[in-house]
Amino acid sequence: MISSQTAAKLQSALPFWLSFLLIPAIWLAALTGGWWVLIIPVLTWYLFAALDVAAGLNLENVDPETSDDDLRWYKLLTTAWVPVQFLTIFGLIYYVGQAEHLGTWEKIGLFFSVGVGSGTIGINYSHELMHQKTKFERWLGDILLAMVLYSHFRSEHLLVHHRYVGTPRDPVTARYGEGFHRFFPRVLRESWHSAFGAEKAMLARKDLPWTDLSNPLFRYWALQGGMLALALILGGWAGLGLFIFQAFVAIWQLELVNYVEHYGLTRKHLGDGKYEHVQPRHSWNAAHKASNWLLINLQRHSDHHYRPDRRFPLLQNYTEADAPQLPYGYPIMTMAALYPRLWKRIMNPRVQRWREMYYPEITEWRAYNKASNPLPR
């Protein structure tokens, strides 16, 4: 157990600040052009996959009773990223409009890199911020999501995913046998509808229509509209197109991670629309040190579902005895997810072993595979 005093030191927090090295990398790529414009996916996918092999696993836990005062360096990390990402995205939109050394395909490649960064880091940091209690941090999370035109993710994640994970009501739980290329369009469609429905139901319980201005969807749309307008002002129609493209790439990157996190893991239906409580076994985990630095412990996903408001340095590691473990960190697993045959070869036997371990009494899995069990009440 790592003590609160040790965790509070700057040197303990510094590895999680590695994400900020992506900012000078993307600007140097913009200045240089050529194949360098693809530097961010090379760093986040391939370099961190190699670093995972070199650095190994981190099985240690920080004292979960550590106070917020001792976590100031970790809180500053997610807060500081917001203006840095904002200035980078819109600074690059303006810059490429004046950059004669960058051809059309170089600009597209550059904003593919931007989208990988705003998805891998930006959406992940917004996920951390949206779970916190302070309005300031939640607002910062909204700003990050508006930069990738995916603001409804906050409503869907907080009101639907955490409550209904592993059941047919959760669009984000990837079904057994479902390839990512089928999962992605389905989740884009269904997560929007579930977010809208969840907010509408919240207002209905207060006898208010969905059109009431307290509906956060109006805030989401206003923030997104402001981002689109700024991109148009700074970069014209080409700048607007590049902004929308990086947003799409960021969303694609997020949903790749969502696909990996719960693939094939379902909660037992107890009958009459009732399901067992969420357990650590309903999330895939990875203890790989380097990718957890990059992703601020997102791979300790079981503990996040157990304590959603727990700040990322305090998330606890689970062993294979308590929760299913991925063979590799997210960088490798998300790349594998792009190849359904490879993915199923790696993961389907693991899901089958998971079923035998935790649910030997269930002999018919067809309804779970097709998400056709009754919706939870």
Side-chain angles (χ1 to χ4, degrees), residues 150 152-153 155-198 200-201 251-286 301-302 304-305 323-327 330 333-377:
Y150 215 51
H152 67 276
F153 173 66
S155 293
E156 197 283 332
H157 185 80
L158 297 180
L159 301 180
V160 181
H161 177 63
H162 270 274
R163 183 175 181 181
Y164 298 115
V165 63
T167 75
R169 195 181 287 276
D170 178 37
V172 179
T173 300
R175 301 162 187 171
Y176 179 78
E178 180 181 34
F180 173 74
H181 304 297
R182 282 192 296 150
F183 168 85
F184 186 45
R186 178 181 67 76
V187 79
L188 289 181
R189 180 181 67 255
E190 293 182 9
S191 64
W192 159 248
H193 286 295
S194 67
F196 182 88
K200 182 179 179 180
I251 294 166
W252 169 77
Q253 187 73 56
L254 163 70
E255 297 303 353
L256 265 172
V257 171
N258 276 335
Y259 176 80
V260 169
E261 287 173 339
H262 301 282
Y263 174 79
L265 305 183
T266 49
R267 286 153 63 186
K268 183 179 179 180
H269 180 226
L270 304 177
D272 196 27
K274 295 180 181 179
Y275 287 81
E276 64 175 322
H277 291 298
V278 179
Q279 302 289 334
R281 61 176 173 264
H282 296 121
S283 302
W284 291 102
N285 294 266
H301 207 61
S302 287
H304 170 66
H305 274 272
Q325 305 294 312
L326 294 169
Y330 284 5
M333 296 309 297
T334 52
M335 287 190 286
L338 295 173
Y339 303 93
R341 289 186 180 179
L342 173 62
W343 173 261
K344 292 174 186 178
R345 191 179 310 136
I346 295 171
M347 291 304 297
N348 282 8
R350 286 176 166 81
V351 175
Q352 290 165 10
R353 288 196 296 271
W354 175 86
R355 289 175 171 181
E356 293 167 0
M357 178 177 180
Y358 290 107
Y359 303 103
E361 72 279 10
I362 300 177
T363 57
E364 177 53 66
W365 287 94
R366 189 175 308 172
Y368 291 93
N369 296 343
K370 301 296 182 183
S372 60
N373 278 323
L375 294 177
R377 295 191 302 174

Using the rule ring-ring contact (aromatic ring centres under 6.0 Å, His included), only one of Y359, Y263, Y368 pairs with W354; which is it? Y359
First locate atom NE2 of H304, then atom CG of N285, and finally report the distance between them rounded to the nearest 0.5 Å. 12.0 Å
Report the relative orientation of the aromatic rings in F184 and F180; use parallel for angles under 30°, tilted for 30 to 60°, perpendicular for over 60°. parallel
Check this for me: does any side-chain nitrogen of one of E178 and R182 sit under 4.0 Å from a carboxylate oxygen of the other? no
Which residues share a ring-ring contact (aromatic ring centres under 6.0 Å, His included) with H282, sequence neighbours left out: none
In the structure I gave you, are the side-chain heavy atoms of V260 and L326 within less than 4.5 Å of one another anywhere? yes
pair V172-V160: side-chain heavy atoms closer than 4.5 Å: no
R163 atom CZ, neighbour heavy-atom count above 12 within 6.0 Å: no
H181: partners by ring-ring contact (aromatic ring centres under 6.0 Å, His included), with sequence neighbours left out: none
What is the distance from atom NZ of K370 to atom CZ of R175, rounded to the nearest 0.5 Å? 9.0 Å
Counting C-beta onward and ignoring hydrogens, is there a side-chain heavy-atom pair between H193 and E190 closer than 4.5 Å? no
Working to the nearest 0.5 angstrom, can you tell me the gap between Y150 OH and L254 CG? 6.0 Å
How far apart are the C-alpha atoms of M347 and Y176, what are their side-chain angles, what is the distance that settles it, and do they pass the side-chain contact (heavy atoms from CB on, under 4.5 Å) test? CA-CA 9 Å; M347 291 304 297; Y176 179 78; over 6 Å; no
Report, as yes or no, whether the 6.0 Å neighbourhood of atom NZ on K344 holds more than 12 heavy atoms from other residues, nucleotides or ligands. yes
Would you call D272 and R377 a salt bridge, using N to O less than 4.0 angstrom? yes
How long is the span from the CG atom in L265 to the CZ atom in R281, to the nearest 0.5 Å? 10.5 Å
OG1 of T266 to CG of N369, rounded to nearest 0.5 Å, is 8.0 Å
Within 45 degrees of the ring normal and closer than 6.0 Å to the centroid, is that where the cationic atom of R355 sits relative to W365? yes
Return the set of residues passing ring-ring contact (aromatic ring centres under 6.0 Å, His included) with F183 (not counting sequence neighbours), or none when no residue passes. Y259
Given H262, E261, E156, R169, the one that forms side-chain hydrogen bond (donor to acceptor under 3.5 Å, both in side chains) with H161: H262
Specify whether Y275 and H269 have parallel, tilted or perpendicular ring planes, treating 30° as the upper limit for parallel and 60° as the lower limit for perpendicular. tilted
Assess whether side-chain hydrogen bond (donor to acceptor under 3.5 Å, both in side chains) is satisfied between D170 and T173, documenting all intermediate values. CA-CA 6 Å; D170 178 37; T173 300; 2.5 Å; yes
Using the test salt bridge (Lys or Arg N to Asp or Glu O under 4.0 Å), find all partners of E364 that sit at least two apart in sequence or belong to another chain. R366
Could you check if a side-chain atom of H152 sits within less than 4.5 angstrom of a side-chain atom of S191, using non-hydrogen atoms only? yes
If I take atom CG from residue L159 and atom OH from residue Y164, how far apart are they, to the nearest 0.5 angstrom? 9.5 Å
Between P168 and P374 the two heavy atoms that sit nearest each other are CG-O, 4.1 Å
Before giving the answer on side-chain contact (heavy atoms from CB on, under 4.5 Å), spell out for L375 and T167 the whole-Å C-alpha distance, their side-chain angles and the decisive distance to 0.1 Å. CA-CA 7 Å; L375 294 177; T167 75; over 6 Å; no
Taking all non-hydrogen atoms of both residues into account, name the closest pair between A323 and P280 and its distance. CB-O, 3.4 Å
With sequence neighbours excluded, residues passing side chain to side chain contact (heavy atoms under 4.5 Å, CB included) with L342: A336, Y339, R345, I346
Side-chain touch W284/V351, heavy atoms, less than 4.5 angstrom: yes
On a heavy-atom basis, which atom in H301 and which in S283 lie closest, and how many Å separate them? CD2-OG, 3.8 Å
Taking side chain as C-beta onward, heavy atoms only, is V187 less than 4.5 Å from N258? no
Who are the side chain to side chain contact (heavy atoms under 4.5 Å, CB included) partners of A201, not counting sequence neighbours? R205
So Q279 and S302, do their side chains get closer than 4.5 Å, heavy atoms only? no
Considering only heavy atoms from C-beta outward, does the side chain of K268 approach that of E361 to under 4.5 Å? yes
